[in-house]
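Keep in mind the model is a prediction, meaning the values are calculated, not measured. Counting starts at 1 for both ligands and their atoms, in listed order.
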Amino acid sequence: MDAPKKKLRVATTSLAGCFGCHMSFLDIDERLMALLELVEFDRSPLTDIKHCGPCDLGLIEGGVCNAENVHVLREFRRNCKILVAVGACAINGGLPAQRNHLDLRDILAEVYHTSPGLAPGSAIPSDPELPLPLNKVHPIHEVVKIDYFLPGCPPSGDAIWEFLTDLLAGRTPVMGHGLLHYD
Ligand code: SF4
């Protein structure tokens, strides 16, 4: 009897993302069962694993907007043989990078301190447990080397499936026009 094939280990995370790319990943629907024959999940919002261990593949949703995002992204890069930027936010900062046109201090003051309707005494949160926001939102390739970029906001389930099946089979993913979009 053949020994069972070793499963590939896959980690996923959402940095400054909206979880929409993860939801689109789940849109592969019943193909998830076929995928689970080939892979096992490491750190991911879909598991309870707190830190990324050695992995074959890391999928990153979201850009980098705070110090914790940087820390997590570097942990993924250290541990994943192949790292993929999934979705517009990871690739170019996406819609959250619209805040780059504004001054971070003004945004925080507006949201937490001066907006009408806030309770008296409201202030910008300063608990050291909270990650410090970065002045700008960055695409992930500005922080670590990225091996592949899968565009879309989000990429469709079909695009994610096509991309993963190519990668898992050791092929360079090639996306046809029908699957490649940026919106
Ligand atoms: S690319 Fe779109 S769907 Fe994905 S995390 Fe960003 S906003 Fe959400």
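Residues His181 and Ser156 approach most closely at NE2-N, 3.9 Å, considering heavy atoms. Minimum interatomic distance between Val111 and Leu118 (heavy atoms only, all atoms of both residues): O-CD1, 3.6 Å.
Of the residues listed (Val84, Ile91, Val86), the one engaging Phe149 in a side chain to side chain contact (heavy atoms under 4.5 Å, CB included) is Ile91, and it is the only one.
The closest approach between a heavy atom of Ala88 and any atom of ligand 1 is below 4.0 Å.
Shortest contact from atom 2 (Fe) of ligand 1 to any protein heavy atom: Cys153 SG, 2.3 Å. Of all protein heavy atoms, the one lying nearest to atom 6 (Fe) of ligand 1 is Cys89 SG, 2.3 Å.
In summary, the atoms of ligand 1 found under 4.0 Å from a heavy atom of Gly152, numbered by their order in the structure, are 1 (S). Annotation for ligand 1: atoms under 4.0 Å from non-hydrogen atoms of Glu61 are 5 (S).
Atom 6 (Fe) of ligand 1 lies at 2.8 Å or more from every N, O or S atom belonging to Cys21. For Cys18, the nearest N, O or S atom to atom 8 (Fe) of ligand 1 falls under 2.8 Å.
Between the side chains of His22 and Thr12, at least one donor N or O sits under 3.5 Å from an acceptor N or O.
Around CG of Asp106, the count of heavy atoms belonging to other residues, nucleotides or ligands within 6.0 Å exceeds 12. Counting non-hydrogen atoms of neighbouring residues, nucleotides and ligands closer than 6.0 angstrom, the NZ atom of Lys81 reaches no more than 12 such neighbours.
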